[in-house]
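Encoded as structure tokens, the structure appears first; notes follow it.
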Amino acid sequence: MRLIKNIICLTVLMVFTLFHTQISFAADSEWYWISSDDKYSKYFSMTRITTVSSQNNIPTCIEDWIKTGYAPGGAAETIANMKLPINDPNQLVYSLARVQINPQERTLRYMEEIFYDKDGKALYTLKYNNPVNKDINSQSFDEKFYAMIVDRVFNKGEGGRLISNARWLGLWSNESGESSADTATLRQIDNNIIVWIWQENKDSTGNVSSIQFMKKEYNVQNLTARTLKYNFWSPDTNWIDKTPNLDKNMHSIIPESTEDVEFKKIRYYANKYPEWATRYQINKTATTATVPTNTTATTTTPTPTTPVNSTTTSPAASGVTNPIGSVGPIGAPIN
């Protein structure tokens, strides 16, 4: 799929070789580089990962600090999207954020963010009283942060999956379009399989006329399904969040329907790779999770350091581009 390949291409940098090469980009060893493009550079702290809560000895809430460096374009975009009271984008050089991750739900939430100038002076601080849990998927700004932090705790290959050829599971393809399931987001909880699906619809000339990006849930016992989140794109509308219009009740999967074809392939994949599908689930015995010894999350703000400029850039996006639900390093909208 052309568009899916474009999405994957954005992550094909040598990002997740980090743990094999131990690369550090900062004045001290606090920050470890993840990736850079023409707007943002991403880092995370390997020394501040803590477990906030756990169940059956499996972490259910993981906390860490992340760091984002801003090029002028990224600074301007972030200030506008987050409505930050910073008049000059050239002032904003980097930010630190304390985030919490739920690996069972594949979500991330921002607890606080601090925005700095080049001298390490705080320009603005945000502390979220009601943090918003963000779904992490292929369009999330935060996906690499999520994968790197979770891999440090569980070492299950989240990072490698993002750049793997096996990430996208083809469901069907014909002259009217094609559909794929993102196995990086696939998870099975008891009899329910949850996964994000990317579907491209084509016109008579073979061009993409619309895209449906959906979070779906399938019950393998009752043979039912529902759509939990739904984003729609067309050249005329751009991206629209149609989630509020969804009927989120489970419905029967009609035999031999397109949904049935998708369901059977997703169910087969989950059965073939049960360890991946059920990773991090609390009803399994934790044998591989590396739980940090400090089980009380620290709220100490890391010492600010001026980010080191990196010359590494990601391939330019082409085709349809949009970070659904992600407009820069944002934890929650500013009211």
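The structure presented is a predicted model; accordingly, all values stated were derived computationally and were not measured.
The side-chain hydrogen bond (donor to acceptor under 3.5 Å, both in side chains) test with S45 singles out one residue from K67, R98, R152, E30, and that residue is E30.
Taking the charged nitrogens against the carboxylate oxygens, E105 and R187 do have a contact shorter than 4.0 Å, which makes a salt bridge. Taking the charged nitrogens against the carboxylate oxygens, K216 and E259 do have a contact shorter than 4.0 Å, which makes a salt bridge. D142 and K134 are joined by a salt bridge, as a carboxylate oxygen and a charged side-chain nitrogen come within less than 4.0 angstrom of each other.
The cationic atom of K264 (NZ for Lys, CZ for Arg) does not lie both less than 6.0 Å from the six-membered ring centre of Y269 and within 45° of the ring axis.
Not one N or O on the side chain of R161 forms a donor-acceptor pair closer than 3.5 Å with the backbone of E158. Remark: the backbone N or O of P274 is not paired with any side-chain donor or acceptor of N271 at under 3.5 angstrom. Under the 3.5 Å distance criterion, the side-chain polar atoms of K42 are matched with a main-chain donor or acceptor of F141. Remark: the backbone N or O of A166 is paired with a side-chain donor or acceptor of S164 at under 3.5 angstrom. Checking side-chain atoms of N102 against main-chain N and O of R106 turns up no donor-acceptor pair under 3.5 Å. Formation of a donor-acceptor pair under 3.5 Å by the H251 side chain with backbone atoms of T224 is not found in this model. A distance-only check finds a donor-acceptor pair linking the side chain of D117 to the backbone of D119 [under 3.5 Å]. N81 places a side-chain N or O within donor-acceptor distance of the main-chain N or O of E77, the cut-off being under 3.5 Å. The backbone N or O of K248 sits less than 3.5 Å from a side-chain atom of R226, completing a donor-acceptor pair. Side chain of R109 to backbone of N130: no donor-acceptor contact under 3.5 angstrom is found.
Hydrophobic clustering places W172 together with F263 (ILVMFWY residues linked when any side-chain heavy atoms are closer than 4.5 Å, directly or through intermediates). Cluster membership for L169 and I197, using ILVMFWY side-chain heavy atoms within less than 4.5 angstrom, is shared. Under the 4.5 Å side-chain heavy-atom criterion for Ile, Leu, Val, Met, Phe, Trp and Tyr, M250 and V195 are members of distinct hydrophobic clusters. Note: the hydrophobic cluster containing I136 does not contain I194 (ILVMFWY, side chain heavy atoms under 4.5 Å, direct or indirect links). M111 and V153 sit in two unconnected hydrophobic clusters of ILVMFWY residues. Membership requires side-chain heavy atoms under 4.5 Å apart, directly or through other members.
Closest approach of I101 to Y146, counting heavy atoms only: CG2-CE1, 3.5 Å. Closest approach of P59 to Q104, counting heavy atoms only: O-NE2, 3.1 Å. When all heavy atoms are compared, the tightest approach of S95 to Y116 is CA-CD1, 4.3 Å. Between I34 and K144 the shortest heavy-atom distance is CG2-CB, 3.8 Å. The nearest pair of heavy atoms linking I193 to R267 is CD1-CA, 4.1 Å. Closest heavy-atom contact between I253 and D260: CG2-CA, 3.6 Å.
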Start with the C-alpha gap between E113 and K127, add the side-chain angles, then the distance that decides, and say whether salt bridge (charged side-chain N to carboxylate O under 4.0 Å, His left out) holds.
CA-CA 7 Å; E113 294 179 84; K127 291 192 176 182; over 6 Å; no
Please test E178 against K202 for salt bridge (charged side-chain N to carboxylate O under 4.0 Å, His left out), starting from the C-alpha separation and ending with a verdict.
CA-CA 8 Å; E178 50 193 322; K202 298 179 181 179; 3.2 Å; yes
Would K156 and D151 count as a salt bridge (charged side-chain N to carboxylate O under 4.0 Å, His left out) here? Give the steps.
CA-CA 6 Å; K156 288 288 188 179; D151 269 347; over 6 Å; no
Could you please spell out the steps behind the side-chain hydrogen bond (donor to acceptor under 3.5 Å, both in side chains) verdict for S210 and S234?
CA-CA 4 Å; S210 64; S234 74; over 6 Å; no
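To the nearest 0.5 Å, atoms OG (S140) and CZ (F145) are separated by 12.0 Å.
A donor-acceptor contact under 3.5 angstrom links the side chains of D241 and T243, judged on distance only. No side-chain N or O of T60 forms a donor-acceptor pair with one of Q55 less than 3.5 Å apart. Counted by atom type alone, Q199 and N201 present one or more donor-acceptor pairs between their side chains at under 3.5 Å. No hydrogens or angles considered: a donor-acceptor pair under 3.5 Å links the side chains of N219 and N192. No hydrogens or angles considered: a donor-acceptor pair under 3.5 Å links the side chains of D190 and N283.
Under a cut-off of 6.0 angstrom, the local environment of CD1 in I254 is sparse, with at most 12 non-hydrogen atoms contributed by other residues, nucleotides or ligands. For N87, the CG atom is loosely surrounded, since the number of other residues' heavy atoms within 6.0 Å does not exceed 12.
Counting only heavy atoms from C-beta outward, the side chains of I62 and T50 never approach each other to under 4.5 Å.
Using bins of under 30°, 30° to 60° and over 60° for the plane-to-plane angle, the ring pair Y70/Y40 lands in the perpendicular bin. Ring planes of F232 and Y230: perpendicular class, angle over 60° (limits at 30 and 60°). Relative orientation of the Y280 and F154 rings is tilted, given thresholds of 30° and 60° on the angle between their planes.
Between F213 and W196, the distance separating the two ring centers is shorter than 6.0 angstrom. Here the two rings, on Y110 and Y128, have centers that are 6.0 Å apart or farther.
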